[in-house]
Amino acid sequence: MELLSLLSAGEITSVEVTQGYLDQISAEDGAVGAFLHADVDLALSKAAEVDRRRQANEPLGRLAGLPVAVKDVLCDTQMPATCASRMLENFRPPYDSTVVAKLKEADAVLIGRTNMDEFAMGGSTENSAYQLTRNPWDLERAPGGSSGGAAACVAARMAPLSIGTDTGGSIRQPAGLCGVVGLKPTYGRVSRYGLVAFASSLDQVGPLALNVADAALLLETIAGHDPLDSTSLDEPLPAYSTLVERPLEGLRLGIVREHFAEGLNPEVEEAVRAAVAVYESLGATVKEISLPHSKYAVATYYVIAPSEASSNLARYDGIHYGHRTDISAMQAELATEQKAFLAAGDQIAVDNMDSPLVRMYRRTRAEGFGSEVKRRIMLGTYALSAGYYDAYYLKALKVRRLIRQDFDAAFEEVDLIAGPVTAEPAFKLGQMSGDPLAMYLVDLYTVSANLAGLPGISLPCGFTTSGLPIGLQLQAAPLAEETLIRGARMFEQATDWHQRRPEKKQS
Amino acid sequence: MALSRDDVEKVALLARLQLSEAELDTLTDELAQIVTYVDQLAEVDTGDVEPMAHAVELSNVFAADGVRPSLPREQALANAPAHNERGYLVPAVLGD
């Protein structure tokens, strides 16, 4: 990474670099809204510390002095972690997540916390309880989500690197819509310790950057086994940051027949097919494959993810941490209800009334959660409830295995699967509101990687005639991140889509 | 499977959510639409298929059975909406 070379050669100081990005945040973020929280003093003091240690020739971490933005869902004792929810408005993490601890160990300058859909539920960042984030390429459009702030801050050059999370496409989709690189690692590659849980069998932390080499560097920094996350994989960690520069010989690239079905925007299709042609010109062989169960991926996902979410979010009870409803208002509400039922002579209603504790939970959660979070908790609670568990949750787990088996068979024949990230380029803000199902269907091409646990990457592969970025998605077999980044870097070296940048928003 | 407003009300209690009348109406429509979409899973033949709960099917990950420091009580309580020096404070559970 060029910036890192300049820093380590002493040609530029971390304070200068950090101040440069902070200036860019001051100039652009009023329009973009990528950051929920930026701690200028903390960032500059860390930068000064790195500069001082560098001057004294002390050993420094891998990212020494480089600013990194973090999605507001990973615990950091020095920052808030709101998950863009009212529920956690005043929450201060008592410990660092492993990813944040690794970034601190690498001497990165943690420059701020990025906006997201509340609890990472959504694909537009419009579900944030605090603010809208706008797509730097067109401020009338959504940046995607849920890591919308993470993608937008990189696209608008407000941070060189950023950390996102991906449960159904939440790194790859905003990366695609904002024209940056976003990588979702294999499930278990990166520790989830200290990541506020949405759907624990699907959540993964990953890097966003302006190019594949930078993403590889950030991945190498945050990946690895962690005894604090029992689902993290105890596997060797390749040197991604150096391996990334080695092009793949004899690459076998798979194209999924089902990806090019109706509903794919023609400009997106054209860009993706042109990207495949670039690979052919680089010596890759292209093979059409089929993932017959991929059409069930969204339905499977929207049973499993809300089910896990409804269980995970049960922890927001107004007792341990987070918002609690006003107790005297709650008691007054119950008293008024009881009086009305008694006046009507309705003893059954009186007997069925919520206890004060249950009403405290219910009001707390009603006040603390936004509508999408409530919708998913309801959906998950329904799918897990007696009488529906087999038909929905268990059924979805079985289809999940079929989806994984499709990929296992495909990766016998090909090294990478190439396709679109989304069927359409960035949509307008508000376009999807009021139609949750339409919003869910945006995840069509991304959710199956989460269900199967595979790594996937989104990288820029073109622009629409109206100037919106188009993303290319590559997917690889579990733990084949090395193949994924080397293959992605090959394309990036042969094209210049990743070098375009949006116009300045404010001067 | 049609989803009724009564079902939604029951699920809201299970989910410990208080929903307004308007929210109940909207959610009944939205959840019915989503559940109808999800119902397409029924057409998949999953006769001999084992459910897959996790992408990486590890089993028996053990940690050493030793005493380790944990979060100090003061820090564990620091984010609680109501607490004293010893524990969390909750509304009366068994009435007055």
Side-chain angles (χ1 to χ4, degrees), chain A residues 91-92 94-95 187-188 201-202 227 230-231 233 293 296 299-300 302-303 310 314 317-324 327 330 355-363 365-366 369 374-375 377-379 381-382 385 391-392 394-402 404 436-437 440 450-453 478, chain B residues 1 3 7-8 10-20 23 26-27 30-31 33-58 61-64 71-72 75-83 88-96:
Chain A
F91 177 70
R92 296 298 295 217
Y95 58 88
Y187 182 80
S201 83
L202 304 164
S230 61
T231 62
L233 296 169
H293 296 93
Y296 300 111
T300 304
Y302 279 97
V303 173
S310 73
D317 56 5
I319 291 174
H320 299 93
Y321 45 82
H323 174 72
R324 171 186 278 190
I327 296 292
M330 179 275 290
S355 69
L357 187 65
V358 167
R359 183 59 63 90
M360 190 278 286
Y361 294 145
R362 296 184 76 176
R363 277 174 58 109
R365 292 160 63 80
F369 293 139
K374 289 179 189 172
R375 193 178 295 123
I377 290 174
M378 290 290 290
L379 192 57
T381 307
Y382 177 70
S385 63
Y392 292 115
L394 207 58
K395 182 77 181 182
L397 291 186
K398 291 176 179 174
V399 181
R400 180 180 189 178
R401 184 173 300 281
L402 295 173
R404 168 63 181 260
L437 187 56
Y440 295 174
N450 300 82
L451 291 167
Chain B
M1 177 81 58
L3 194 74
D7 293 332
V8 175
K10 277 181 205 138
V11 174
L13 173 60
L14 291 174
R16 297 291 185 261
L17 283 170
Q18 187 177 41
L19 299 175
S20 67
E23 279 179 309
T26 319
L27 273 170
E30 288 171 348
L31 293 181
Q33 199 193 357
I34 297 163
V35 167
T36 303
Y37 176 78
V38 162
D39 276 336
Q40 65 174 294
L41 293 180
E43 74 194 42
V44 187
D45 179 6
T46 52
D48 301 323
V49 183
E50 281 291 305
M52 177 177 161
H54 248 261
V56 178
E57 296 174 297
L58 300 168
V61 177
F62 294 115
L71 206 59
Q75 276 183 47
L77 293 170
N79 279 293
H83 66 94
Y88 302 103
L89 296 177
V90 299
V93 177
L94 299 171
D96 305 315

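Model, not experiment: these values are computed from the prediction. Below, chains carry the letters A, B, ... as their sequence lines are ordered, and counting in each starts from 1.
Residue A:Ala391: no heavy atom, backbone or side chain, is found under 4.5 Å from chain B. For a residue to count as touching a neighbouring chain, one of its non-hydrogen atoms must lie under 4.5 Å from one of that chain's; by this rule B:Leu89 touches chain A with the backbone only. Both the backbone and the side chain of A:Ile319 have a heavy atom closer than 4.5 Å to some heavy atom of chain B. Residue contact with chain A, scored on non-hydrogen atoms closer than 4.5 Å, is absent for B:Ala78. In this structure, the portions of A:Ser230 lying under 4.5 Å from any heavy atom of chain B include both its backbone and its side chain. Contact of A:Leu202 with chain B is not made at all, since no heavy-atom distance falls under 4.5 Å. For A:Ser310, no part lies near chain B; criterion is any non-hydrogen pair under 4.5 Å. Contacts between A:Pro227 and chain B at a heavy-atom distance below 4.5 Å are absent for every atom of the residue.
Panel note: side chain B:Arg16, backbone A:Asp317; no donor-acceptor pair is recorded below 3.5 Å. Using modelled atom types, one side-chain atom of A:Lys395 and one backbone atom of B:Val44 make a donor-acceptor pair closer than 3.5 Å. Not one N or O on the side chain of A:Arg365 forms a donor-acceptor pair closer than 3.5 Å with the backbone of B:Leu17. The closest donor-acceptor contact from the side chain of B:Asn79 to the backbone of A:Gly322 lies at 3.5 Å or more, if one exists at all.
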Inset, instruction - Could you walk me through whether B:Val8 and A:Tyr382 pass side chain to side chain contact (heavy atoms under 4.5 Å, CB included), step by step? - result: CA-CA 8 Å; B:Val8 175; A:Tyr382 177 70; over 6 Å; no
Inset, instruction - With salt bridge (charged side-chain N to carboxylate O under 4.0 Å, His left out) as the test, would you mind laying out the steps for A:Arg401 and B:Glu50 before giving the verdict? - result: CA-CA 7 Å; A:Arg401 184 173 300 281; B:Glu50 281 291 305; 5.9 Å; no
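Taking B:Gln40, B:Glu30, B:Gln75 one by one and counting their heavy-atom pairs under 4.5 Å with chain A, the maximum is reached by B:Glu30. Counting heavy-atom pairs closer than 4.5 Å to chain B, the top-ranked of the candidates A:Ser385, A:Gly318, A:Ser355 is A:Gly318. Contact count against chain A (heavy-atom pairs under 4.5 Å) is highest for B:Leu31 among B:Asp45, B:Asp7, B:Leu31, B:Thr26. Comparing A:Gly188, A:Ser201, A:Gly453 by how many heavy-atom pairs each has under 4.5 Å with chain B, the most go to A:Ser201. The most heavy-atom pairs under 4.5 Å with chain A, out of B:Val61, B:Leu41, B:Leu19, come from B:Leu41. The candidate from B:Lys10, B:Gln33, B:His83 with the greatest count of non-hydrogen atom pairs under 4.5 Å with chain A is B:Gln33. With chain B as the partner, the residue from A:Ile377, A:Leu379, A:Leu451 showing the most heavy-atom pairs under 4.5 Å is A:Leu379. Comparing A:His293, A:Arg375, A:Arg404, A:Met360 by heavy-atom pairs within less than 4.5 Å of chain B, the highest count is held by A:Arg375. Counting heavy-atom pairs closer than 4.5 Å to chain A, the top residue among B:Ala82, B:Ala12, B:Pro72, B:Ala63 is B:Ala12.
Remark: the B:Glu43 side chain and the A:Tyr296 side chain contain an N/O donor-acceptor pair separated by less than 3.5 Å.
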